Amino acid sequence: MYAHSSESLIKQAREIQESELQKFQSRLGKLLHGRELGHEAVDSLQRLHLILSATKYTRTLPPELHKRVKALLSSPAEQFQVLGSAVLRETLPPAGQEVNYNQENFLPLNSHAAALLLSQAGSRADLSSLCAQLLRSLESRQPEGPANSLMHTLPILNAVLTHSPECLTEDHVTLLSKRLVDWLRYASITQGGGAPSGGFFTGPRSRQPIPTAELDGTVSGDFFTVLCVGQGFTEDQWMNVYSFSMLRHWLLTYHSVSNGNNAADTEDIQGASVSKHRPHPSPPMTCSVFSSSAANRLQLSLSLSHSFSNDDRSEVDGSVVSMVSATSSSSRLLPPKERLREKAFQYCQRLIEQSDRKAHKKADTDLQKACLVEAVCILDCVCGEDASLVYRTFPCIKALFGRLSSDLSFARVLLPIAQFYLNHGEMAAVDCECVWKLVFGRFPAELFNNQFLAHELLRFLRLNLESLQLRVPQYSHSFPNLLKFLAWDSPAVVDDFVDLLPSLVTAGTAVELLHTLLDLPCLSATLVLQVRSTCLPISEPGGRGLLSLDAFRSQSLRGLFLFLLRGEAGSGDTIDRLSTLHELLAETADWPRVVQCAQTVPVLLHIFFNTVVAVADEKLLAHLVQVMLERSSLLLNVPKYKNEIYRVFSCHLLRLCKLHPSLVVDESHELLEFAGATAKVYSKEEIYTHVVWVLGEYLSVSCDSRCSVSLITSCFETLEAVLFEITSSAPPPGADCPVPRVVTSLMSALAKLASRSHDLIPRVSLFLSKLRTVTRGGSVAWCSDEEDLVAIVTRGEELWSLLKAPGVAQSVLTPPPLVTTPQWHRDTNVAMPLRLRALTNLTHAQ
Amino acid sequence: MVRCFLIHTVCPVGALGSGESRVLYSRVFGPDEGVWTDQDRELSPQERRLLQKEKTTAVARQVRSAVSLSREASGRMLVETVPGEEALALQEADGGVVRLRAGDPFSEEMSALWLGVQSLGFTLVCEPHENLLLAEGTLRNLTRHCLETLHMLGQGSEVLLRSNRVDALLSRLLPHGQLLFLNHRFAQSLEKEVASYLAK
């Protein structure tokens, strides 16, 4: 596959010497000068392309060579058109010749020349004139160029429309809408090509036209669509394909074309066709563009008004009016946009009908699905514009849903149907319950491993969040199911969940959601087990030897896994036997899927906590603090996972307590229990340090009046015991020495508490002085690093000296909020006026 | 519409840093979006070209890491195939979709559909509202043709030295980035055209 030879080719192309390049270019110039261009020319052009494209810096061609290559675009041989276009797309015109990229130089405009014009367009003006010319070619009913000259027109227009809809005018919209109606609805229904046309021996009778067929082989009974087949196709049938392919985008964007600059002549032509969606006034830029081509426009509008008055049947050259078209003859009186909408509606209805036929080819079966998606999206779009179509469309959509809903292989077709229900269900008073059961129920539960469905479903949720939250009450309760997408393929969908997660955090679901997020790696493992247990029979060697798989299959443990696999929230926040589950899944901890999933959890937890503070009351926040403390020792043992989670917990414990300091008094029992467990010093130093810090910081009357002396004392005693324990003996076997930060934060917390209850001061001082004596020897069992020990002792001495003056200690260790918030002294801008004001106060007082 | 089609490496390449990808073929459709976005309007044509190259490289990089992660997760063994086994290679290919957030690297959100065939990635960057089912089919079809006409399962470098074949292919199957609803008859007729182009 990818070979070293390719790598060295790229290197050569990048590092080619200027002299060598000049030689090469002059040789190529001579080659192109010749009359007959052969293999050598092809080969050299291809190499030139490589040289230009391999580097990100622009190389320009000598003007003479540039001219020669440009001339290739009008070459009769397509290969040279392709190469010419490719080479010029990779470079820029020589200085001063930019204007040469003008379609007048490339007439008749072939697809490859057009590609060059598009890619090098430097302004809207360039595109506008290109559009104007392409539309002129559409206007003439009989194309003057070769047979397929119109084919590339629609894709180019669509490309322009994508980037810069302002390049089209209201006239263009009218013209194109009319032509699209022609091609969509009135393409020939007999096969094209195939039969030789009027040979000498073939009389007119033997050239009976053969009708096109449906995908199942039966003869088409109605108008031509992309799902009709034949031996060959006529040009208008090709145009039918191109028209349908761009139809949805056209319907979505034709409102944004400019109309301000030529409103006058638009109204002259079609007073009746006033669009419901008045586009924004066009930017002044477009006006200047069009004033330059006023003559063209005039011509265009004249012919438009002509064809508009002769509208009736004008399109139907040679086609047969079919049954459906007979029923809608009134649509002829509609203005072009409305008429296109009506025809689009009919086309989609026919496609939906045709998609029920059994196709002979697999490729066509896939196309039917793609057509269903497109048809439903287009119907959704036209219904959005014209509400009266909703009532005509719903029976068909409902029937389609009924037909497909039991077959999950149609899931990706069912999504646009769900979108239709969401957009129009309320207006048509249709019950959507069954749709949501599918989207939030079976899809995630059974198709969690379908990457494309995951992408589309999550996008659907993102785009419709507001309306889903409003109309689909089960949305926020469906998170256990939705998170399966994340558990299965975290890297691919984590971005979507970053956007979606805040909408899933509600006061009612917060606690369960937190547990679910923490157990996401378990869910990931369980989904793998689920897939394996269905793929591998029990007797398979791959299915044996996995304890977790046996557990998954075991009846007695089924409940644990079923809880993880639940589809809806509300059956309980978590389960009792979580540690059993973690033990069973221990061997899954290094599975790539589980590891990838575990890596996303911290990100999501941050989002969770950032969101939850906005929706939760203090009671709920207190509950979340409890969950954090409790879950810190109940996590699946994935490498690095635990430490990452501790870091998130620490960060948000701090933020929650800062926001609501009384949480510390509310949860003092749990916090003290946590802080009193010496083992946590060694295994969870990150979160332990933070718990100690919040206790020291916020267990104070100034934060909460319920904070009694006895509470402070009991907290003091708990921390004192731990500090004493860890500084009087070596760490337990297997554990490292406690991190210095734990020791210093314990000391600080004790000093803070003592400063609030002076009776405790002698106890701290005694401890600190002892610490100094003990460490005088130079080494202790609980701290291996000398520098660390010195830092600890210094900190101790500072606190000790501070506590010698209790009044000062209190104001330093527990400063009143007046001093700490707002922290003006830290802001250089605010600090100066503050100081001045203070000085003024002093002088005035005297 | 489809914004660009890329063929790039998804395996480690000696000269590149880990996680980087070598773009072997890239085709950006339509006008350069840099002309319309306010922040890029001041750029010179050279700078715009550089920006565009960087954007395609950024997509290739994102797809490369998506392919590695997805292969790592599925744990499937890669099946080595040789020229002539294009159908098998395609059948064994893994595929997926990457969401490219607005601004990273395109000014609007995009979906990058990818197909990983051994050490190569084939990527279509679509506007997210595109019919992804259709895009998937088109990508598969394009990939098959590329593998066959450029003999990509072999050791050669035709993807670099015969890139006009890909251009010709794209001009039929994905003209100017337009996804087409082609039933097998339409597809056959286009394939015939491509074949006659290649025969010249």
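Residue numbers begin at 1 in each chain, while the letters A, B, ... track the order of the sequences. Values in this document were obtained by computation on a predicted structure and should not be read as measured data.
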Trainee: Considering all heavy atoms of both residues, which atom of A:Ser245 and which atom of B:Leu180 are nearest to each other, and what is their separation?
Mentor: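 Nearest heavy atoms, A:Ser245 then B:Leu180: OG-CA, 3.4 Å.
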Trainee: With a 4.5 angstrom heavy-atom cut-off, could you sort out which part of B:Ser189 is near chain A: side chain, backbone, both or neither?
Mentor: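 Contact with chain A is through the side chain of B:Ser189 alone.
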Trainee: Quick check on B:Leu51 against chain A: is it the side chain, the backbone, both or neither that has a heavy atom closer than 4.5 Å?
Mentor: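 The answer is neither part of B:Leu51.
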Trainee: Has B:Gln178 got a side-chain atom pairing as donor or acceptor with A:Leu154's backbone, closer than 3.5 angstrom?
Mentor: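 Side chain of B:Gln178 to backbone of A:Leu154: no pair is present.
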Trainee: Tell me, side chain or backbone of A:Ser164 under 4.5 Å from chain B's heavy atoms, or both, or neither?
Mentor: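 Contact with chain B: side chain only.
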Trainee: Taking B:Met152, B:Arg101, B:Lys53, B:Gln52 one by one, which has the highest count of heavy-atom pairs under 4.5 Å against chain A?
Mentor: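 Top count of heavy-atom pairs under 4.5 Å with chain A: B:Arg101.
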Trainee: Where on B:Glu158 is there a heavy atom nearer than 4.5 Å to chain A: the side chain, the backbone, both, or neither?
Mentor: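 Neither; nothing under 4.5 Å.
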Trainee: Of all the heavy-atom pairs spanning B:Pro31 and A:Ala159, show the shortest one and how long it is.
Mentor: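 It is CD-O, 4.3 Å.
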Trainee: Pick one of side chain, backbone, both or neither for A:Ser53, based on which atoms fall under 4.5 Å of a heavy atom in chain B.
Mentor: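 Looking at A:Ser53, backbone and side chain both touch chain B.
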Trainee: Might you point out which heavy atoms bring A:Gln46 and B:Leu161 nearest each other, and give the distance in Å?
Mentor: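 In terms of heavy atoms, the two residues are closest at CG-O, 2.6 Å.
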Trainee: Between atom CG of B:Asn131 and atom CZ of A:Arg412, what is the distance when rounded to the nearest 0.5 Å?
Mentor: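 Between atom CG of B:Asn131 and atom CZ of A:Arg412 there are 8.5 Å.
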Trainee: To the closest 0.5 Å, what do you measure between CD (A:Gln81) and CG (B:Asn164)?
Mentor: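 Interatomic distance, A:Gln81 CD to B:Asn164 CG, rounded to 0.5 Å: 12.0 Å.
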Trainee: CG of B:Leu132 to NE2 of A:His455: how many Å apart, nearest 0.5 Å?
Mentor: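 That separation rounds to 5.5 Å.
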Trainee: Which atoms of B:Glu136 are under 4.5 Å from chain A, going by heavy atoms: the side chain, the backbone, both sets, or neither?
Mentor: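 Looking at B:Glu136, just its side chain touches chain A.
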Trainee: Which atom names give the shortest non-hydrogen contact between A:Tyr242 and B:Pro175, and what distance separates them?
Mentor: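 Where A:Tyr242 meets B:Pro175 most closely, the heavy atoms are CE2-CG, 3.8 Å.
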Trainee: For each of B:Gln46, B:Arg99, B:Arg185, tally heavy-atom pairs with chain A at distances under 4.5 Å, and name the one with the top tally.
Mentor: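 Of the candidates given, the most pairs with chain A belong to B:Arg99.
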Trainee: Is it the side chain or the backbone of B:Thr9 that comes within 4.5 Å of chain A heavy atoms, both, or neither?
Mentor: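 Side chain only.
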Trainee: What part of B:Tyr197 gets within 4.5 angstrom of chain A, counting heavy atoms only: side chain, backbone, both, or neither?
Mentor: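 Side chain only.
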Trainee: Please look at B:Glu109 and chain A and tell me whether the side chain, the backbone, both or neither of the residue comes under 4.5 angstrom of a heavy atom of that chain.
Mentor: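 Contact with chain A involves the side chain of B:Glu109 alone.
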Trainee: With only heavy atoms counted, which part of B:His129 is less than 4.5 Å from chain A, the side chain, the backbone, both or neither?
Mentor: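 Contact with chain A is through both the backbone and side chain of B:His129.
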Trainee: Can you tell which of B:Val97, B:Leu24, B:Val13, B:Asp167 has the highest number of heavy-atom pairs within less than 4.5 Å of chain A?
Mentor: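 With the most close heavy-atom pairs to chain A, the winner is B:Val97.
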Trainee: Of the backbone (N, CA, C, O) and the side chain (C-beta and beyond), which part of A:Leu9 lies under 4.5 Å from a heavy atom of chain B, both, or neither?
Mentor: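 The side chain, not the backbone.
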Trainee: Assess whether side chain to side chain contact (heavy atoms under 4.5 Å, CB included) is satisfied between B:Gln155 and A:His4, documenting all intermediate values.
Mentor: CA-CA 9 Å; B:Gln155 288 295 310; A:His4 288 290; over 6 Å; no
Trainee: Might you work through the salt bridge (charged side-chain N to carboxylate O under 4.0 Å, His left out) test for B:Glu127 and A:Arg248, ending with a clear yes or no?
Mentor: CA-CA 13 Å; B:Glu127 289 178 336; A:Arg248 174 153 62 114; over 6 Å; no
Trainee: For A:Tyr57, is there any backbone N or O sitting under 3.5 Å from a side-chain donor or acceptor partner on B:Arg49?
Mentor: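 Yes; judged by distance alone, with no hydrogens or angles, the pair exists.
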Trainee: With chain B, which of A:Ile156, A:Asn449, A:Val42 has the greatest number of heavy-atom pairs at distances under 4.5 Å?
Mentor: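 That would be A:Ile156.
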Trainee: Is B:Pro128 close to chain A through its backbone or its side chain, or both, or neither, when contacts mean heavy atoms under 4.5 Å?
Mentor: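 Contact with chain A: backbone and side chain both.
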Trainee: Given a strict heavy-atom distance threshold of 4.5 Å, which part of A:His112 is in contact with chain B: side chain, backbone, both, or neither?
Mentor: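 Interface part for A:His112: side chain.
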Trainee: So which part of A:Ala454 gets closer than 4.5 Å to some heavy atom of chain B, the side chain, the backbone, both or neither?
Mentor: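 Neither part; nothing is under 4.5 Å.
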Trainee: Got a second to check how far B:Leu16's CG is from A:Glu7's CD, nearest 0.5 Å?
Mentor: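 Nearest 0.5 Å value for the CG-CD distance: 6.0 Å.
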Trainee: When only pairs under 4.5 Å are counted, which of A:His49, A:Arg459, A:Lys361, A:Gln237 shares the most heavy-atom pairs with chain B?
Mentor: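 If we count pairs closer than 4.5 Å to chain B, A:Arg459 comes out on top.
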Trainee: For A:Ile10, is there any backbone N or O sitting under 3.5 Å from a side-chain donor or acceptor partner on B:Arg22?
Mentor: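 Here the side-chain-to-backbone pair does not exist.
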Trainee: Considering only heavy atoms, which portion of A:Leu127 lies under 4.5 Å from any heavy atom of chain B: side chain, backbone, both, or neither?
Mentor: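 Contact with chain B involves the side chain of A:Leu127 alone.
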Trainee: Does the plane of the ring in B:Phe186 sit parallel, tilted or perpendicular to the ring in A:Phe233? Use 30° and 60° as the thresholds.
Mentor: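 Rings of B:Phe186 and A:Phe233: parallel, under 30°.
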Trainee: With rounding to the nearest 0.5 angstrom, report the CG to CG distance, B:Asn183 to A:Asp366.
Mentor: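 Separation between the atoms: 12.5 Å.
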Trainee: So which atom in A:Glu78 and which in B:Ser171 form the shortest heavy-atom distance, rounded to 0.1 Å?
Mentor: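 The answer is OE2-OG, 4.1 Å.
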Trainee: Given a strict heavy-atom distance threshold of 4.5 Å, which part of B:Arg165 is in contact with chain A: side chain, backbone, both, or neither?
Mentor: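 Neither part.
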Trainee: Tell me, for B:Ser74 versus chain A, whether the close heavy atoms (under 4.5 Å) come from the side chain, the backbone, both or neither.
Mentor: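 For B:Ser74, the contact with chain A is made by backbone and side chain together.
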Trainee: Heavy atoms only, distances under 4.5 angstrom: which of A:Leu458, A:Leu45, A:Asp499, A:Leu215 has the most pairs with chain B? Name it, please.
Mentor: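 The answer is A:Asp499.
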Trainee: Of the listed residues (A:Leu83, A:Val373, A:Leu367, A:Leu252), which shares the most heavy-atom pairs with chain B below a 4.5 Å separation?
Mentor: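 So the answer, after comparing A:Leu83, A:Val373, A:Leu367, A:Leu252, is A:Leu367.
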Trainee: Select one option (side chain, backbone, both, neither) describing which atoms of B:Leu179 are under 4.5 Å from chain A's heavy atoms.
Mentor: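 Contact with chain A involves the backbone of B:Leu179 alone.
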Trainee: Just give me the residue among B:Asp32, B:Leu69, B:Leu134, B:Leu120 that pairs up with chain A most often, heavy atom to heavy atom, under 4.5 Å.
Mentor: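 Highest number of heavy-atom pairs under 4.5 Å: B:Leu69.
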Trainee: Is it the side chain or the backbone of B:Val2 that comes within 4.5 Å of chain A heavy atoms, both, or neither?
Mentor: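 B:Val2 has no heavy atom closer than 4.5 Å to chain A.
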Trainee: Taking B:Leu153, B:Val23, B:Val28 one by one, which has the highest count of heavy-atom pairs under 4.5 Å against chain A?
Mentor: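 Of B:Leu153, B:Val23, B:Val28, B:Leu153 has the most heavy-atom pairs under 4.5 Å with chain A.
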Trainee: Select, from A:Val528, A:Val594, A:Thr162, the one with the greatest count of heavy-atom pairs under 4.5 Å involving chain B.
Mentor: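 Between A:Val528, A:Val594, A:Thr162, the count favours A:Thr162.
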Trainee: Identify which of A:Gln368, A:His249, A:Lys369, A:Arg462 forms the greatest number of heavy-atom pairs closer than 4.5 Å to chain B.
Mentor: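 Most pairs with chain B among the choices: A:Arg462.
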Trainee: For residues A:Ser5 and B:Ser157, report the shortest heavy-atom separation together with the two atoms involved.
Mentor: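 Looks like OG-OG, 3.0 Å.
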Trainee: Between A:Cys377 and chain B, which part of the residue has a heavy atom less than 4.5 Å away: side chain, backbone, both or neither?
Mentor: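 Contact with chain B: none, neither part.
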Trainee: Side chain to side chain contact (heavy atoms under 4.5 Å, CB included), that's the test. Do A:Val229 and B:His184 meet it? Break it down for me.
Mentor: CA-CA 8 Å; A:Val229 289; B:His184 78 280; 4.2 Å; yes
Trainee: For B:Arg48, is it the side chain, the backbone, both, or neither that has a heavy atom closer than 4.5 Å to a heavy atom of chain A?
Mentor: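 For B:Arg48, the contact with chain A is made by the side chain alone.
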Trainee: With a 4.5 angstrom heavy-atom cut-off, which part of A:Trp591 approaches chain B: side chain, backbone, both or neither?
Mentor: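 Neither part, no heavy atoms under 4.5 Å.
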Trainee: With chain A, which of B:Ala73, B:Ala135, B:Gly30 has the greatest number of heavy-atom pairs at distances under 4.5 Å?
Mentor: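 Ranked by contacts with chain A, first place is B:Ala73.
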Trainee: Please look at A:Gln79 and chain B and tell me whether the side chain, the backbone, both or neither of the residue comes under 4.5 angstrom of a heavy atom of that chain.
Mentor: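 Both parts, heavy atoms under 4.5 Å.
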Trainee: To the nearest 0.5 Å, tell me how far A:Met151 CE sits from B:Leu190 CG.
Mentor: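 Spacing of CE (A:Met151) from CG (B:Leu190) equals 8.0 Å.
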Trainee: Would you find a donor on one side and an acceptor on the other, under 3.5 Å apart, between the side chain of B:Glu33 and the backbone of A:His163?
Mentor: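 Here the side-chain-to-backbone pair does not exist.
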